[in-house]
Trainee: 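One structure follows; several queries about it will come next.
Only heavy atoms go into these numbers, but all of them, side chains included; no hydrogens, no water, no symmetry mates.
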Amino acid sequence: MEILYINPIFKQVIWGGNKLGTKWGYAIPGDNVGECWAVGAHPSGDCTVKEGAFAGKTISQLWTEHPELFGNIGGDRFPLLVKIIDANDDLSIQVHPDDAYAGKNENGSLGKTECWYILDAPEGATLVIGHHAKDKAELEDMIRNGKWDAFLREVPVKKGDFIQIDPGTVHAIKGGIEILETQQSSDITYRVYDYGRLQDGKPRALHIEKSIDVITVPAKSVEDSVLNVGQGAKNQMNLLMSCSCYRVWKIDVDGQINLTQEYPFLIMSVIEGEGQINGQAIKKGDHFMLPNGFGQVNIQGNLQIIASTVGE
């Protein structure tokens with residue numbers, strides 16, 4: 001059984017930069033590249049397999065034609081999307097719906113639960129996570145009347161922090177921060193506020209009514225949102241998050257680790273360093289999937305990996 005190495009897809013956005021080229025070594029399609037869709041099968045970005053028996057096939061094709069690669073877990077689409085985000089500028093203030101709301105209001109789309117591992121952040125960096133409104137009436141007043149300073153909650157973050165973003169959480173990545181995001185396979189984002197920026201001479205669309213519909217009030221506490229994982233125990237899978245949508249681990253390899261691939265599938269993204277997996281060279285920026293039944297895995301070298309699979 002072979003490792004499925006994945007070709008990423010790149011997205012040019014108003015807030016993007018060029019670090020995915022300069023720091024990560026990807027062949028990016030010009031400037032303002034903010035997202036690397038590393039492993040996904042969404043209509044807006046369906047990644048292909050790089051080499052081997054399934055070379056050139058999209059993940060959505062494999063999901064349909066070879067469900068055994070994913071443990072025959074069922075479902076009408078590949079459930080996860082893994083991205084690297086390079087925020088050169090602040091992202092808009094946004095919120096995501098849950099499955100029930102998205103299914104009803106967004107043509108049967110999944111909602112969007114996501115989590116972020118902070119790959120890099122400038123000194124003194126902050127993110128917007130949550131808000132200060134006490135109840136729905138105050139929430140509406142603050143949003144409709146543009147009381148952004150009073151409304152938005154900024155939280156200090158640093159490299160190695162991990163943040164779970166449940167549907168209904170107001171959030172925004174700030175300029176200078178790089179993250180690895182693991183999320184449901186959904187592209188539904190409601191924009192609450194965009195700093196009055198113009199794209200092609202006009203403001204980007206906002207989704208005020210839908211945002212007010214789905215924002216959780218009051219917001220979850222900071223302590224329940226941000227987890228500092230720092231350096232986990234070396235040479236083992238350190239669980240960062242387990243929820244109904246995904247399970248995410250960090251693996252710090254220093255020497256070697258042996259593990260068994262016992263999940264429906266296991267996505268791996270190398271975020272630092274280089275080494276080998278079962279004798280094949282891997283390095284920072286590589287993304288691959290170990291299919292169901294892959295069995296024994298040996299990883300050697302000095303590297304950091306974020307791994308993920310479906311939720312429990």
Trainee: Tell me whether the centres of the aromatic rings in F78 and H42 are closer together than 6.0 Å.
Mentor: no
Trainee: Checking side chain to side chain contact (heavy atoms under 4.5 Å, CB included) against L180, which of S269, C115, S308, C36 comes through?
Mentor: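 The single option meeting the side chain to side chain contact (heavy atoms under 4.5 Å, CB included) with L180 is S269.
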Trainee: Within a reach of under 6.0 Å around NZ of K136, are more than 12 heavy atoms found that belong to other residues, nucleotides or ligands?
Mentor: yes
Trainee: Looking only at heavy atoms, which two atoms of G176 and P122 are closest? And how far apart?
Mentor: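 Heavy-atom minimum between the residues: O-CD, 3.3 Å.
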Trainee: Could you label the plane-to-plane angle of the F288 and Y5 rings as parallel, tilted or perpendicular, counting under 30° as parallel and over 60° as perpendicular?
Mentor: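 Rings of F288 and Y5: tilted, 30 to 60°.
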Trainee: Could you state the interatomic distance from CD (E51) to CG (L4), rounded to the nearest 0.5 Å?
Mentor: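 Reported value, rounded in 0.5 Å steps: 10.0 Å.
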Trainee: Under the side-chain hydrogen bond (donor to acceptor under 3.5 Å, both in side chains) criterion, do W37 and E35 qualify, and how do the steps go?
Mentor: CA-CA 6 Å; W37 288 29; E35 298 190 356; 2.6 Å; yes
Trainee: Hey, are the side chains of I73 and W63 touching, using non-hydrogen atoms and a 4.5 Å cut-off?
Mentor: yes
Trainee: Counting the benzene-type ring for Trp, do W116 and F162 have ring centres under 6.0 Å apart?
Mentor: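 No: the rings miss the under 6.0 Å criterion.
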Trainee: For the side chain to side chain contact (heavy atoms under 4.5 Å, CB included) test, which of V157, T126, I85 pairs with I177?
Mentor: V157
Trainee: How long is the straight-line distance from CD1 of I257 back to CG of L303, given to the nearest 0.5 Å?
Mentor: 9.5 Å
Trainee: Go through the steps to decide whether N298 and Q296 satisfy the test side-chain hydrogen bond (donor to acceptor under 3.5 Å, both in side chains), and finish with yes or no.
Mentor: CA-CA 7 Å; N298 170 261; Q296 294 305 303; over 6 Å; no
Trainee: Can you tell me how far apart CD1 (I282) and NE2 (H287) are? Round to the nearest 0.5 Å.
Mentor: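 Spacing of CD1 (I282) from NE2 (H287) equals 11.5 Å.
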Trainee: Take K159 and E178 through the salt bridge (charged side-chain N to carboxylate O under 4.0 Å, His left out) test and state the conclusion after the steps.
Mentor: CA-CA 9 Å; K159 181 175 177 169; E178 283 173 66; over 6 Å; no
Trainee: Quick one: does V95's side chain get under 4.5 Å of V192's, heavy atoms only?
Mentor: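 The answer is yes; the side chains approach within 4.5 Å.
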Trainee: Mark yes when over 12 heavy atoms from residues, nucleotides or ligands other than N145 sit less than 6.0 Å from its CG; otherwise mark no.
Mentor: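 Enclosed: over 12 neighbouring heavy atoms sit under 6.0 Å from CG of N145.
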Trainee: For the residue pair N292 / Q261, report whether a side-chain donor-acceptor contact shorter than 3.5 Å exists.
Mentor: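 Side-chain D/A pair, Q261 to N292: absent.
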Trainee: Any side-chain donor paired with an acceptor under 3.5 Å for D224 and S221?
Mentor: yes
Trainee: Would you call the rings of F151 and W148 parallel, tilted or perpendicular, where under 30° means parallel and over 60° means perpendicular?
Mentor: perpendicular
Trainee: Could you tell me whether the side chains of N278 and Q280 share a donor-acceptor contact shorter than 3.5 Å?
Mentor: no
Trainee: Taking the side chain as everything from C-beta on, heavy atoms only, tell me whether L81 gets closer than 4.5 Å to D187.
Mentor: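 When only atoms from C-beta onward are counted, D187 and L81 do not touch, as no gap falls below 4.5 Å.
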Trainee: Locate the shortest heavy-atom distance separating I212 from I143; write the atom from each residue and the value.
Mentor: CG1-CD1, 4.0 Å
Trainee: Nearest 0.5 angstrom please: K234 NZ to I251 CD1, how far?
Mentor: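 One gets 14.0 Å once the value is rounded to the nearest 0.5 Å.
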Trainee: At what distance, to the nearest 0.5 angstrom, does CD1 of I84 lie from CD1 of I306?
Mentor: 10.5 Å
Trainee: How are the rings of Y190 and Y101 set to each other: parallel, tilted or perpendicular (split at 30° and 60°)?
Mentor: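 Correct class here is perpendicular.
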Trainee: Any ion pair linking R144 and E209 (charged N to carboxylate O, less than 4.0 Å)?
Mentor: yes
Trainee: Should K158 and E123 count as an ion pair when the cut-off is N to O under 4.0 Å?
Mentor: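 A salt bridge is absent here (no side-chain N lies under 4.0 Å from a carboxylate O).
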Trainee: Determine, for K23 against D86, whether the closest basic-nitrogen to carboxylate-oxygen distance falls under 4.0 angstrom.
Mentor: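 Between D86 and K23 there is no salt bridge, as every charged N stays at least 4.0 Å from the carboxylate O atoms.
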Trainee: To the nearest 0.5 Å, how far apart are CD in Q276 and CD in Q300?
Mentor: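 If I round to the nearest 0.5 Å, the distance is 6.0 Å.
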Trainee: Does the salt bridge (charged side-chain N to carboxylate O under 4.0 Å, His left out) test come out yes or no for E106 and K210, once each step is laid out?
Mentor: CA-CA 11 Å; E106 305 294 345; K210 286 178 174 176; 2.8 Å; yes
Trainee: For the residue pair P167 and T216, what are the closest heavy atoms and their distance?
Mentor: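 Closest approach of P167 to T216, heavy atoms only: O-OG1, 3.8 Å.
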Trainee: Compare all side-chain heavy atoms of L62 with those of T64 and state whether any distance is below 4.5 angstrom.
Mentor: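 Counting from C-beta outward, L62 and T64 never come under 4.5 Å.
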Trainee: Using side chain to side chain contact (heavy atoms under 4.5 Å, CB included), reason through D89 and I14 one step at a time and then give a plain yes or no.
Mentor: CA-CA 8 Å; D89 196 0; I14 191 172; over 6 Å; no
Trainee: How about CD on E274, more than 12 heavy atoms from neighbouring residues, nucleotides or ligands closer than 6.0 Å, or not?
Mentor: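 Atom CD in E274 is not packed in, count stays at 12 or less.
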Trainee: With under 30° as parallel and over 60° as perpendicular, where do the rings of Y263 and W249 fit, or are they tilted in between?
Mentor: tilted
Trainee: Side chains of V39 and C47: does their closest heavy-atom pair fall under 4.5 Å?
Mentor: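 No, their side chains stay 4.5 Å or more apart.
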Trainee: Minimum heavy-atom separation for D90 to R197, with atom names?
Mentor: O-NH1, 2.6 Å
Trainee: Any donor-acceptor pair under 3.5 Å linking the side-chain atoms of S92 with those of Q94?
Mentor: yes
Trainee: Which pair of non-hydrogen atoms, one from D46 and one from I59, has the smallest distance, and what is that distance?
Mentor: OD1-N, 3.6 Å
Trainee: For the residue pair S225 / Q164, report whether a side-chain donor-acceptor contact shorter than 3.5 Å exists.
Mentor: no
Trainee: Before you tell me yes or no, could you show the steps for E114 and T182 under side-chain hydrogen bond (donor to acceptor under 3.5 Å, both in side chains), namely the whole-Å CA-CA distance, both residues' side-chain angles and the distance that decides it to 0.1 Å?
Mentor: CA-CA 6 Å; E114 67 186 32; T182 306; over 6 Å; no
Trainee: Are the side chains of L127 and I173 in contact, using a 4.5 Å heavy-atom criterion?
Mentor: yes
Trainee: Looking at every non-hydrogen atom in both residues, tell me the closest pair between Y117 and K250 and how far apart they are.
Mentor: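 Heavy atoms of Y117 and K250 come nearest at OH-CE, 3.1 Å.
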Trainee: Could you go through the side chain to side chain contact (heavy atoms under 4.5 Å, CB included) check for I215 and H131 one step at a time?
Mentor: CA-CA 10 Å; I215 292 171; H131 61 81; 3.6 Å; yes
Trainee: Does atom CG (N107) have a neighbourhood of more than 12 heavy atoms from anything else shown, all under 6.0 Å?
Mentor: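 No, because the 6.0 Å sphere around CG of N107 holds 12 heavy atoms or fewer from other groups.
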Trainee: Evaluate side chain to side chain contact (heavy atoms under 4.5 Å, CB included) for D252 paired with I305, printing each intermediate quantity in order.
Mentor: CA-CA 7 Å; D252 291 293; I305 291 171; over 6 Å; no
Trainee: I would like to know whether H171 and V128 meet side chain to side chain contact (heavy atoms under 4.5 Å, CB included); could you show each step before the answer?
Mentor: CA-CA 5 Å; H171 62 279; V128 172; 5.7 Å; no
